[in-house]
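Letters go in sequence order (proteins before strands), and every chain restarts at 1.
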Protein chains: 2
Amino acid sequence: MTAVAHRERDDLGTASRIMDVAEALVQVRGFNGFSYADIATQLHITKAALHYHYAGKADLGGALITRYATRFAAALAAIDADGGPALRKLAAYADLYLRVLRENRMCLCGMLAAEYQTLPQPMRDAVITFFDDNEAWLETVLQDGTRDGSVKFAGGSRAAARLIVSTLEGAMLVARSYGEPARFQAAAEGLLAGFAAGRA
Amino acid sequence: MTAVAHRERDDLGTASRIMDVAEALVQVRGFNGFSYADIATQLHITKAALHYHYAGKADLGGALITRYATRFAAALAAIDADGGPALRKLAAYADLYLRVLRENRMCLCGMLAAEYQTLPQPMRDAVITFFDDNEAWLETVLQDGTRDGSVKFAGGSRAAARLIVSTLEGAMLVARSYGEPARFQAAAEGLLAGFAAGRA
DNA sequence: GTCTATAGGCAGATAGAC
DNA sequence: GTCTATCTGCCTATAGAC
């Protein structure tokens, strides 16, 4: 058995475990709300070991966004693969947010958007790219929805896509403060109700 | 001329000036993104002087939210005083957010909502109260709108009020990262279009 | 009310042994 | 790869002079 195969079974590798812990810390406390010491403590390693894997906090932050964006893109691809009407895809999209919120976490990039002015430039760029990618995917879904007749909306698909991202991020932000995922669900339902062609 | 009268003309008092600077710092960088040193530098005073006015950062933070909430309540009262249809009040409400965003700032409580898990309890409570107050005001406006015929919405007025707060906070969060207030305007227009009874 | 000086701790980061 | 040890700097906060 190779080392890689072994890792796949019961060890994700230190670099990956560092990201898991750091990701949760950013989503819960923010990038300016945790330190290398916090990660080291949770993993029972030293701060020096962290610096071996990620030279600095900025590097770690950049890697976090990249991985998060990759996972999100995979989730969107999975929604596409499932097929179904566009309106159903929008509901599945909102459900992605809900699953994050249920772990008492904010969207990684939503959290970083709040701290945007304090982030190093590479992290800023990665956050923007994440939102751009989400917007692009939603725009496609909305256009498909016009064709399959499941979705309706006034104005352009781009503006509608942006409205969806903004609403879900904001609903997450507020609902998490209350510790009430149900607030997010209600907001998502209200939002999507406005996009449902059924009652048009 | 009394000392107070003098202050009203060209001096807001040190405590007030500290809050002005701190408020901007929180709205731009977050509560965990600035220090007493930042305030002291901008005001050309020492950190020790800050501690005379606000014993600790948590005290300052609490005072910031209280003042912000008071000002916001006054702005809402002003909107009510202006009268007009409920839909117009909703537009005026969104405009309050836009004016903050134009200064490249996040809503104070929206920013603190992101950092919620790192805040001392008194600040958490004050943030929630701010949202509760906004929701209550919006609910009243929405109910008035149903009566005056300018507003329509599916579901209850409470859910609708929450959707409005969430959408505006989220639109602010995202638009500020892009440095494009126009994104917020578009989102606000899209949101309010869904509440306009004109095309029902 | 504002200052100088300083305490005590934690931040991110590095050197070098193992 | 991970450790111990350490550095430098910044953080919040306090004591005490003026």
Side-chain angles (χ1 to χ4, degrees), chain A residues 2-4 6-8 10-26 28-65 112 115 117-124, chain B residues 2-4 6-8 10-23 25-26 28-65 112 115 117-123:
Chain A
T2 67
V4 169
H6 179 263
R7 265 200 229 116
E8 281 169 356
D10 61 4
D11 179 15
L12 295 161
T14 302
S16 183
R17 270 179 286 142
I18 290 169
M19 284 222 269
D20 291 340
V21 173
E23 184 180 73
L25 283 166
V26 174
V28 173
R29 302 179 54 87
F31 192 71
N32 296 325
F34 80 100
S35 72
Y36 263 34
D38 295 320
I39 305 173
T41 299
Q42 285 192 44
L43 290 177
H44 304 293
I45 57 178
T46 61
K47 289 184 291 174
L50 295 179
H51 282 285
Y52 170 80
H53 295 280
Y54 301 98
K57 203 181 174 186
D59 304 273
L60 173 56
L64 284 177
I65 306 174
L112 295 176
E115 301 176 291
Q117 298 294 333
T118 71
L119 300 180
Q121 194 60 48
M123 288 184 67
R124 292 188 186 189
Chain B
T2 67
V4 168
H6 178 264
R7 265 201 230 114
E8 282 168 357
D10 60 3
D11 180 15
L12 295 161
T14 302
S16 182
R17 270 178 288 142
I18 289 170
M19 284 222 268
D20 291 341
V21 172
E23 183 181 74
L25 283 167
V26 175
V28 173
R29 304 180 53 90
F31 192 70
N32 295 325
F34 80 99
S35 72
Y36 263 35
D38 295 319
I39 305 173
T41 299
Q42 284 192 43
L43 290 177
H44 304 292
I45 58 177
T46 62
K47 289 183 288 176
L50 296 179
H51 282 284
Y52 170 80
H53 295 280
Y54 301 98
K57 205 181 173 185
D59 304 273
L60 173 56
L64 283 178
I65 306 174
L112 295 176
E115 301 176 291
Q117 297 294 335
T118 72
L119 300 180
Q121 195 60 48
M123 286 184 69

Have a look at B/Thr46 and say if it touches a base, only the backbone sugar-phosphate, or nothing, with a 4.0 Å heavy-atom cut-off.
-> base

Looking only at D/dA15, D/dT12, C/dA11, the nucleotide nearest the A/Ser35 side chain is C/dA11

Regarding the side chain of A/Ala48, the nearest nucleotide among D/dC3, D/dC11, C/dA5 is D/dC3

B/Lys47 NZ - D/dC10 C1' separation (whole Å) = 8 Å

Does B/Tyr36 use its side chain to pair, donor to acceptor, with the backbone of B/Thr46 at less than 3.5 Å?
-> no

Out of C/dT2, D/dT2, D/dC3, whichever nucleotide has its closest atom nearest the side chain of B/Thr14 = C/dT2

Contact under 4.0 Å: A/His44 side-chain N or O vs D/dT2 OP1/OP2 = no

State whether the side chain of A/Thr118 and the backbone N or O of A/Glu115 hold a donor-acceptor pair below 3.5 Å, judged by distance alone.
-> yes

Which is true for A/Tyr36 with a 4.0 Å heavy-atom rule: it touches a base, it touches only sugar-phosphate, or it touches nothing?
-> sugar-phosphate

Winner on side-chain proximity to B/His53, out of C/dT2, D/dT4, C/dG12, is C/dT2

Through what angle, rounded to 10 degrees, does the axis of the helix from C/dG1-D/dC18 to C/dC18-D/dG1 turn between its ends, using five pairs per end?
-> 0°

So, is B/Tyr52 close to the C/dT2 phosphate, meaning a side-chain N or O under 4.0 Å from OP1 or OP2?
-> no

Taking atom C1' of C/dG1 as reference, at what distance in whole Å does atom CD1 of B/Ile18 sit?
-> 10 Å

Which part of the nucleic acid, if any, lies within reach of B/Tyr54 when heavy atoms closer than 4.0 Å are counted: base, sugar-phosphate only, or nothing?
-> nothing

Candidate nucleotides D/dA13, C/dA5, C/dT2, ranked by approach to the side chain of B/Ala49 - the nearest = C/dT2

Would you mind reading off the distance between A/His51 atom NE2 and D/dT2 atom P, rounded to a whole angstrom?
-> 14 Å

